[in-house]
Amino acid sequence: MTLFDFHTHTSISDGHAAPLEMARRCQQNGYSAYICSDHVDEATVERRVTEIVEACRQVSRELALPAVPAVEVTRVAPDRVAKVAARARSLGALLVVVHGETIGDFPQPGLNLAAAKCPDVDILGHPGLITEQAAEAARDHGIHLEISAAGLHGMTNGHVAKVAALVGAKLVLDSDAHRPEALLTSERAHQLLQGSGLDLDQILRVSQAAPFDILARRGIEIPMPQTAP
Ligand SMILES: [Zn+2]
Ligand SMILES: [Zn+2]
């Protein structure tokens, strides 16, 4: 079994722990990699991606855990998302999450759809009451829709799972952790997916197949522990 989590925050943005501390807990919890995806917008993308890339280098050096630099493009107007996502990628972010239209804050109408059409986006984070149109666009562009372990963001997980199944879009589970205690465990991941209305086949697809689809799409290789033949 593997455990991935593409959406975590650190003190580089509004998280409460340093990247190394988050990564240590990821390792304790059995994560297969540490993925640092702090918030960026037009004003912060240059500085923060540089910090995220450096933090991931430090984690890889100090812990025997692969570390992947990523971002969450947050509170950027729909017509600017593609530009910020491309900039983050050009600066070294290997994966791009977009802060979608969660009911947990003030969603910008049109943001889900804009992000779902963007070639540099990998995951539409906590997409709230996503429309079928936006979910179809995500499906067509190889973007995964997020089931969120985070409080208000997760209140629409059942809806997200339903719309994804309806249109054939793929799902991924993320913690959106801002502190080490909020990171996933395998048991918690299973509970959250079950609680989102998924059956066992769907749970396995989301937890065991989706992460490798996301990584493979960007050519990211995570060495996995060898199992005995
Ligand atoms: Zn977010
Ligand atoms: Zn987040």
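Read the numbers this way: they start at 1 and go in the same order the structure lists the ligands and their atoms.
- When NE2 of His9 and OD1 of Asp176 are joined through the Zn ion (ligand 2), the resulting angle is 90° to the nearest 10°.
- Taking 2.8 Å as the threshold, His126 counts as a candidate ligand of the Zn ion (ligand 1), since one of its N, O or S atoms lies below it.
- The angle that Glu72 OE2 and His99 ND1 make at the Zn ion (ligand 1), rounded to 10°, works out to 100°.
- Between Glu136 and His141, the side chains place no donor N or O within less than 3.5 Å of an acceptor N or O (distance only, hydrogens not considered).
- For the side-chain contact (heavy atoms from CB on, under 4.5 Å) with Val96, the qualifying choice from Ile123, Asp122, Val40 is Asp122, the only one to do so.
- Residues Thr10 and Asp38 have side chains that bring a donor and an acceptor to within less than 3.5 angstrom of each other.
- A salt bridge is defined here as a Lys NZ or Arg NE, NH1 or NH2 lying under 4.0 Å from an Asp or Glu carboxylate O, and Glu51 with Arg47 meets this definition.
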